[in-house]
Amino acid sequence: MGSSSVLLRSSPFFFPRFSSSSSSTAIRRLNSSFCLPQSVVPASDQIRGGGGGDFTWDDVVRLSQTRQHDDSSDLRGFFEKVTLCNRNSEKQCEFIPFVIDEHIVGYVHNGFANHLRRYKDVFAFPEDPSYGSNFGCHVALHPLLNAPEDRTEAVGHVVKCLGEDVIPGIRNELYPVTSSFGEPEFFSLERAAAPYFGIKAYGVHMVGYVERENQKYLWVGKRSKLKPTYPGKLDHLVAGGLPHGISCGENLVKECKEEAGIPRSLSSKATAVGAVSYMDINGYRLKRDVLFCYDLNLREDFVPANEDGEVESFKLLHVTHVANIIRSTSFFKENCNLVIIDFLFRHGYIKPESLGYLKLLQSLRSGDCT
């Protein structure tokens with residue numbers, strides 16, 4: 001059996017035969033069983049992460065305490081938040097596999113592929129059914145682009161030429177393009193372009209908490225209203241994408257210092273506790289993200305201080321109040337919900353007696369966690 005056939009079968013993306021057991025479909029079935037409506041995000045809000053940041057800490061505190069008789073077994077609000085990160089799986093058929101050296105590294109929407117067809121010295125579209133495309137071809141790089149640095153430069157030039165009108169939010173930050181985490185990098189790609197090429201993207205997310213009288217409190221950040229994505233939303237104490245050329249641990253130390261003023265002597269004590277994943281389709285964008293999760297138990301007298309201007313302020317909230325905010329509001333940045341829900345599982349705030357316990361636990365890894 002050829003390597004292409006093996007790659008097709010092992011790929012988490014389903015071309016062209018879609019499995020009825022796909023994670024996103026499963027989530028929709030879960031929501032249906034709980035009689036939950038599908039979430040709708042306005043088109044004007046989708047790329048930039050939407051508004052919704054026009055609330056105060058007073059609003060957060062008030063709404064976090066509105067559940068007079070807190071029912072921690074009610075998981076419906078958590079399921080809704082998982083669904084927000086796993087939209088439109090039925091549109092997978094609109095994407096073409098992006099293949100390098102016989103490895104599927106991403107998926108490109110057929111509409112976005114029309115932009116790439118203009119750059120014949122960078123992109124090719126071989127007619128090969130081996131990778132399961134509905135369009136009879138796959139996206140590849142020009143055969144002369146063999147070295148990673150040449151590929152990075154060539155694709156980067158295309159991204160620059162397409163500009164903000166096609167790929168908004170250029171950050172001049174490179175993400176590695178690999179078939180799976182830890183595998184060799186084929187090239188590096190501008191971060192803002194990652195979902196347009198459907199590559200796997202990774203990040204580090206850390207929950208910082210304080211223990212006081214056998215109770216846990218989470219430090220929560222409110223993002224700057226000047227940020228281009230999710231302005232004013234709530235966030236973890238520390239979170240950041242994993243760029244080219246840095247390990248998860250070192251990236252976390254860097255983000256801790258920049259976002260919360262946490263010195264290496266403290267951040268190096270953060271515990272790696274696993275990962276969550278999701279797959280979200282939004283127009284031409286396909287996000288296949290894996291977030292590595294960390295916990296950091298902080299002293300009671302520690303107070304975070306932002307150093308890079310990306311966080312407006314911080315507040316220490318009881319863990320059950322944070323859970324209430326996630327269940328009943330849209331205050332948190334969407335993927336942060338998944339990490340905090342995972343924290344609630346690991347620290348015993350979501351219990352097996354809750355209806356849907358295992359289904360919710362499984363849904364936190366709805367994407368390709370490789």
Side-chain angles (χ1 to χ4, degrees), residues 7-32 36-50 79-99 104-117 123 125 128-140 162 165-169 177 179 189 192-201 229 276-291 334-335 337-338 362-370:
L7 285 167
L8 173 59
R9 278 221 306 265
S10 64
S11 171
F13 223 56
F14 311 106
F15 290 99
R17 298 171 294 279
F18 303 115
S19 167
S20 61
S21 62
S22 70
S23 298
S24 298
T25 302
I27 292 171
R28 291 202 306 276
R29 287 203 303 270
L30 291 175
N31 283 340
S32 177
L36 297 178
Q38 288 292 309
S39 300
V40 177
V41 180
S44 61
D45 289 345
Q46 289 175 346
I47 290 180
R48 293 292 185 170
F79 275 111
E80 286 181 328
K81 298 309 185 291
V82 174
T83 299
L84 281 175
C85 291
N86 294 276
R87 300 171 297 170
N88 301 319
S89 63
E90 72 280 1
K91 295 184 178 180
Q92 295 177 42
C93 59
E94 299 176 6
F95 288 78
I96 306 172
F98 180 24
V99 179
I104 296 177
V105 299
Y107 296 90
V108 177
H109 192 277
N110 186 51
F112 183 76
N114 289 332
H115 292 293
L116 305 183
R117 292 177 190 275
F123 294 100
F125 292 83
D128 182 353
S130 300
Y131 299 99
S133 170
N134 286 334
F135 300 92
C137 65
H138 62 269
V139 182
L162 292 176
D165 290 340
V166 178
I167 302 176
V177 177
S179 58
L189 178 67
Y196 291 93
F197 287 86
I199 69 166
K200 292 177 182 175
T229 56
V276 299
S277 63
Y278 56 93
M279 187 195 76
D280 185 66
I281 295 175
N282 176 17
Y284 288 174
R285 295 156 47 88
L286 168 58
K287 290 181 68 65
R288 297 195 297 149
D289 291 358
V290 177
L291 310 180
E334 276 84 346
N335 62 3
N337 291 316
L338 306 187
Q362 183 182 35
S363 73
L364 295 178
R365 293 156 190 87
S366 294
D368 175 22
C369 213
T370 62

*Asks:* Among Y107, F125, Y131, which one satisfies ring-ring contact (aromatic ring centres under 6.0 Å, His included) with H138?
*Replies:*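 Testing H138 for a ring-ring contact (aromatic ring centres under 6.0 Å, His included) against Y107, F125, Y131 leaves exactly one candidate, Y131.
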
*Asks:* Does any part of the side chain of P195, heavy atoms only, come nearer than 4.5 Å to the side chain of L286, both counted from C-beta?
*Replies:*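 Not touching, per the 4.5 Å side-chain cut-off.
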
*Asks:* So which atom in P168 and which in Y196 form the shortest heavy-atom distance, rounded to 0.1 Å?
*Replies:*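 That closest heavy-atom pairing would be CD-OH, 3.3 Å.
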
*Asks:* Are any side-chain N or O atoms of R288 and backbone N or O atoms of G198, one a donor and one an acceptor, separated by less than 3.5 Å?
*Replies:*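 Yes; judged by distance alone, with no hydrogens or angles, the pair exists.
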
*Asks:* Which atoms form the tightest heavy-atom contact between S133 and I96, and what is the distance?
*Replies:*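 Scanning both residues, the minimum pair turns out to be OG-CG2, 3.9 Å.
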
*Asks:* Assess the side chains of N86 and Y278: does a donor N or O sit below 3.5 Å from an acceptor N or O?
*Replies:*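 No, no side-chain donor-acceptor contact under 3.5 Å.
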
*Asks:* Are the side chains of L338 and C85 in touch, meaning some heavy atoms are under 4.5 Å apart?
*Replies:*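 Yes, close enough: below the 4.5 Å cut-off.
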
*Asks:* Could you pull out the closest heavy-atom pair between V290 and S277, with the gap in Å?
*Replies:*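 Looking at all heavy atoms of both residues, the shortest contact is CG2-CB, 4.1 Å.
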
*Asks:* What I want to check is whether the side chains of K200 and T370 have a donor and an acceptor closer together than 3.5 Å.
*Replies:*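 Side-chain D/A pair, K200 to T370: present.
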
*Asks:* When rounded to the nearest 0.5 angstrom, what is the spacing between CZ in F135 and CD in E94?
*Replies:*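 F135 CZ to E94 CD: 7.0 Å, rounded to 0.5 Å.
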
*Asks:* Would you sort out whether I199 and L189 count as a side chain to side chain contact (heavy atoms under 4.5 Å, CB included), showing the intermediate values?
*Replies:* CA-CA 9 Å; I199 69 166; L189 178 67; 4.0 Å; yes

*Asks:* What distance separates D368 CG from D289 CG, expressed to the nearest 0.5 Å?
*Replies:*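 If I round to the nearest 0.5 Å, the distance is 11.5 Å.
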
*Asks:* So, does N134 use its side chain to make a donor-acceptor pair with the main chain of C93 at under 3.5 Å?
*Replies:*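 Yes, the answer is positive, given that a donor and an acceptor are paired below the 3.5 Å cut-off.
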
*Asks:* Looking at K287, R87, Q92, which one forms a side chain to side chain contact (heavy atoms under 4.5 Å, CB included) with M279?
*Replies:*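 For M279, the side chain to side chain contact (heavy atoms under 4.5 Å, CB included) test succeeds with only one of K287, R87, Q92, which is Q92.
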
*Asks:* Which heavy atom in A192 sits nearest to a heavy atom in G169, and how many Å separate them?
*Replies:*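 Looks like CB-O, 3.3 Å.
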
*Asks:* Work out which heavy atom in H109 is nearest to a heavy atom in F95; give both atom names and the distance.
*Replies:*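 Smallest heavy-atom distance, with atoms named: N-CD2, 3.3 Å.
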
*Asks:* Do the side chains of V99 and V139 get nearer than 4.5 Å, heavy atoms only?
*Replies:*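 No; the side chains remain at least 4.5 Å from each other.
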
*Asks:* Supply the atom-to-atom distance N337 CG to L84 CG, rounded to the nearest 0.5 angstrom.
*Replies:*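 N337 CG to L84 CG: 7.5 Å, rounded to 0.5 Å.
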
*Asks:* Partners of K81 by salt bridge (Lys or Arg N to Asp or Glu O under 4.0 Å), sequence neighbours excluded?
*Replies:*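 Scan of K81 (salt bridge (Lys or Arg N to Asp or Glu O under 4.0 Å), adjacent residues dropped) gives none.
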
*Asks:* Taking the side chain as every heavy atom from C-beta outward, state whether L116 and F197 have any atom pair closer than 4.5 Å.
*Replies:*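 Touching, per the 4.5 Å side-chain cut-off.
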
*Asks:* Do you know which two heavy atoms are closest between N110 and R117, and how far apart they sit?
*Replies:*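 Shortest heavy-atom contact: OD1-NH2, 4.2 Å.
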
*Asks:* Under 4.5 Å between any side-chain heavy atoms of L364 and V82, yes or no?
*Replies:*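 They are in side-chain contact.
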
